[in-house]
Amino acid sequence: MNRLYHVPLSPFCRKVRLVLAEKRIEVELVEERYWEQDADFLRRNPAGKVPVLRMDGRVMAESQAICEYLDEIVPDPQLLPRKPEDRYEVRRLCAWFDDKFHHEVTANLLYERVNKKITKMGYPESRNVKAGAKAIKYHLDYMHWLLDQRRWLAGDAMSLADFAAAAHISALDYISDVDWNRSANVKDWYAKIKSRPAFRGLLADQVPGFPPSVQYADLDF
Ligand SMILES: N[C@@H](CCC(=O)N[C@@H](CS)C(=O)NCC(=O)O)C(=O)O
C-alpha cells in the first residue's frame with residue numbers, strides 16, 4: 001500500500017494529497033509528528049520535512065518534485081501543460097504560493113496560530129499575525145487580477161498551480177483567515193476547486209484543539 005507521511009494542515013502535504021486524489025492513486029495517510037525528529041522518519045527524509053510519499057518501493061520527499069513525478073506516471077488529469085511556456089507559468093505560480101505566499105502569509109498566520117501550539121513552541125507573535133493578515137489581502141488581490149484574465153490561475157485549464165494555491169488557502173480557511181468578501185473571482189475559483197471529489201479528504205480533516213471554521217467544509221460558503 002502506498003503511504004503518505006503528512007500533517008493535516010500542512011499546505012505542502014495538502015498539495016500532494018490533492019494530486020493523489022485527482023489521479024485516483026490510493027494512499028494510506030500516516031500522521032508524522034515531524035518536530036519529534038523520530039529516527040525512522042529522518043531515515044525516510046533526512047531533511048526532516050513532510051510530505052514523504054512511499055510508493056512502489058520508492059521513498060520521495062519535496063512536494064513539487066512528488067507532484068511532477070505523479071503527473072508523469074499518471075497523466076490523467078494532466079496538471080502540467082504540454083507547451084513549455086504554459087508549463088513555465090504553472091511552475092512560476094507553484095513557486096509563488098509555496099515560496100512567497102508561504103513565507104508572507106501561511107507562516108505568519110497558520111504557523112503562528114496553530115503550529116506553535118501543537119509543537120509547543122510558544123505563543124503567536126502578534127507582530128507576525130498582523131503581517132500575515134496584511135499580506136493575505138495583497139495576495140488575494142493578485143489572484144483576483146489573474147482570474148480576471150484566466151479561468152484558472154495559470155491559464156484556461158486547471159493545473160498544479162491551482163492545487164498549490166488551494167492547499168494554502170484551504171489550510172487558512174480552516175482557521176478562518178480568508179476574507180471571502182474580498183474578491184468574487186477568488187471565491188468562485190475556490191468554490192469550483194473545493195467542490196471537486198479530490199477535495200473531500202481535506203474537508204474531513206479535524207485537528208484536535210482546533211475545530212474548523214463554520215464555512216470550512218461547506219460547499220455553499
Ligand atoms: N519544500 C518542502 C517544504 C516542506 C515543509 O516545509 N514542510 C513543513 C510542514 S508544512 C515541515 O515539515 N517542516 C519541518 C521543518 O522545516 O523542520 C516541500 O515542498 O515539500
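We're numbering straight along the sequence, starting at 1. In listed order, ligands and their atoms are each counted from 1. Since the structure is predicted, the reported quantities are computational estimates derived from the model, not experimental observations.
N108 places a side-chain N or O within 3.5 Å of a backbone atom of E104 that can act as its donor or acceptor partner.
The aromatic rings of W96 and Y138 lie tilted to each other, with the angle between the two planes from 30° to 60°.
No cation-pi contact links K116 to Y111, judged by a cut-off of 6.0 Å to the six-membered ring centre and 45° from its axis.
Between E89 and R150, at least one side-chain N (NZ, or NE/NH1/NH2) sits under 4.0 Å from a carboxylate O, which counts as a salt bridge. By the 4.0 Å N-to-carboxylate-O rule, D205 lies close enough to R17 to be salt-bridged with it.
The protein residues lying under 4.0 angstrom from ligand 1, judged by non-hydrogen atoms, are S10, F12, Y34, G48, K49, V50, P51, E62, S63, Y111.
Residue pairs meeting the salt bridge (Lys or Arg N to Asp or Glu O under 4.0 Å) criterion with at least one member in residues 18-33, sequence neighbours excluded: R3-E28, E22-R196, K23-D71, E32-R44, R33-E36.
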